[in-house]
Amino acid sequence: MRPACGVARAVLDDVTAMIQPGLTTREIDRFAAERIRSYGARSAFLGYRNYPCNVCISVNDEVVHGLAGDRRVSFGDIVSVDVGVLYNGFVGDNARTVSVGGCDAAAQALLDVTEQSLYEGISEAVPGKRVADISRAIQQHVEKNGFSIVREYVGHGVGRSVHEAPEVPNFVDERRSSPLLKAGMTLAIEPMVNAGKPGTKTLNDGWTVLTVDGSLSAHFEHTILVTTGEPVILTCPEMMPSSLRA
Ligand code: MF3
Ligand code: CO
């Protein structure tokens with residue numbers, strides 16, 4: 001898992017660094033494909049349930065699973081990039097929302113709160129706690145700051161396949177029991193947060209998920225490892241195999 005996650009992180013860093021006003025989402029996706037290939041990896045999303053792109057690029061009120069096309073990103077937009085790669089038989093999965101050359105304070109607050117909620121969730125990922133403890137930490141941080149948790153899409157176990165058990169929701173349903181966390185589990189924790197209402201709708205393209213009210217949405221994701229000590233963020237630069245370092 002470590003090399004796959006190191007590669008996923010490197011691709012996410014490469015892609016978010018190249019985003020500039022005037023690029024089309026197709027150009028960004030093509031660049032992502034080239035970076036994935038350069039590391040000897042493959043997209044874990046291309047072809048998954050027939051998904052047609054290499055990475056997921058979701059702009060402004062697009063929540064997740066945006067489809068690359070002729071749309072040009074502009075100064076002040078926010079762009080969510082979700083990168084899943086298959087490398088040496090394992091999947092690394094991470095996502096981040098960035099502004100295009102900066103954004104207004106309200107959008108920046110959404111990005112900051114969503115990213116911080118991810119870290120609040122990760123800090124609960126220790127043996128003896130439950131998946132719901134991760135979910136609760138994320139939900140509390142987001143709602144305390146006046147934003148909304150998306151319910152229809154959740155985090156997940158990740159390993160040889162991109163989506164494995166257990167589901168890792170970003171909200172708590174107190175009526176449901178929740179799996180115990182154990183050392184050795186690898187989880188993709190990924191809050192999706194709307195500035196307005198929590199609801200979503202899907203476009204006729206069958207993929208693009210939008211906020212129901214047109215408000216902005218942000219998405220941050222890491223693949224993490226539960227250990228007997230502190231959780232380890234696998235999607236970090238230190239996991240890049242030395243043979244692939246520039
Ligand atoms: N956003 C999802 C995740 O991080 C994966 C997208 S699957 C795809 O788990 F097919 F849409 F790419
Ligand atoms: Co994921």
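Residues: numbered from 1 along the sequence shown.
Side chains of Leu181 and Ile134 form a contact here, defined as non-hydrogen atoms less than 4.5 Å apart. Taking the side chain as every heavy atom from C-beta outward, Val172 and Gln139 approach each other to under 4.5 Å. Residues Pro198 and Val150 are not in side-chain contact: their nearest non-hydrogen atoms beyond the backbone lie 4.5 Å or more apart.
A search for salt bridge (Lys or Arg N to Asp or Glu O under 4.0 Å) contacts involving Arg71 returns Glu62, not counting sequence neighbours. Take Phe75 and apply the ring-ring contact (aromatic ring centres under 6.0 Å, His included) test, not counting sequence neighbours, and it matches no residue. Residues meeting the salt bridge (Lys or Arg N to Asp or Glu O under 4.0 Å) test with Asp77, sequence neighbours left out: none. Scored by the side-chain hydrogen bond (donor to acceptor under 3.5 Å, both in side chains) test, Asp104 finds no partners at all (sequence neighbours excluded). Every salt bridge (Lys or Arg N to Asp or Glu O under 4.0 Å) that Arg26 has, sequence neighbours left out, goes to Asp70. The side-chain hydrogen bond (donor to acceptor under 3.5 Å, both in side chains) check on Thr200 picks up Glu152, with sequence neighbours excluded. Partners of Arg30 by salt bridge (Lys or Arg N to Asp or Glu O under 4.0 Å), not counting sequence neighbours: none found. Residues passing the side-chain hydrogen bond (donor to acceptor under 3.5 Å, both in side chains) test with Thr97 are Ser80, sequence neighbours excluded. Looking at residues two or more places apart in sequence or on another chain, you find a side-chain hydrogen bond (donor to acceptor under 3.5 Å, both in side chains) between Asn54 and Asp29.
Ring-centre distance between His163 and Tyr48: below the 6.0 Å cut-off. Between His141 and Tyr119, the distance from one ring center to the other does not fall under 6.0 angstrom.
Through direct or indirect side-chain contacts shorter than 4.5 Å among Ile, Leu, Val, Met, Phe, Trp and Tyr, Leu12 is connected to Val7, Val11, Val15, Met18, Ile19, Leu23, Ile28, Phe31, Ile36, Tyr39, Val55, Ile57, Val59, Val73, Val79, Val81, Val83, Val85, Tyr87, Val98, Val100, Met240, Leu244. Cluster partners of Leu180 are absent, since no Ile, Leu, Val, Met, Phe, Trp or Tyr has side-chain heavy atoms less than 4.5 Å from it.
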Side-chain donor-acceptor pairs under 3.5 Å in residues 164-171, sequence neighbours left out?
residue	atom	partner	partner atom	Å
Glu164	OE2	Arg160	N	3.0
Glu164	OE2	Ser161	N	2.9
Asn170	ND2	Glu190	O	3.2

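A side chain to side chain contact (heavy atoms under 4.5 Å, CB included) with Leu234 is found for exactly one of Ile224, Asn94, Thr186, namely Thr186. Each of Thr223, Ile189, Leu187 was compared with Val158 under the side chain to side chain contact (heavy atoms under 4.5 Å, CB included) criterion, and only Thr223 meets it.
Here Asp82 does not pair with Arg96 in a salt bridge; the nearest charged N to carboxylate O distance is not below 4.0 Å. Salt bridge absent: Lys197 and Asp213 never bring a charged side-chain N and a carboxylate O closer than 4.0 Å.
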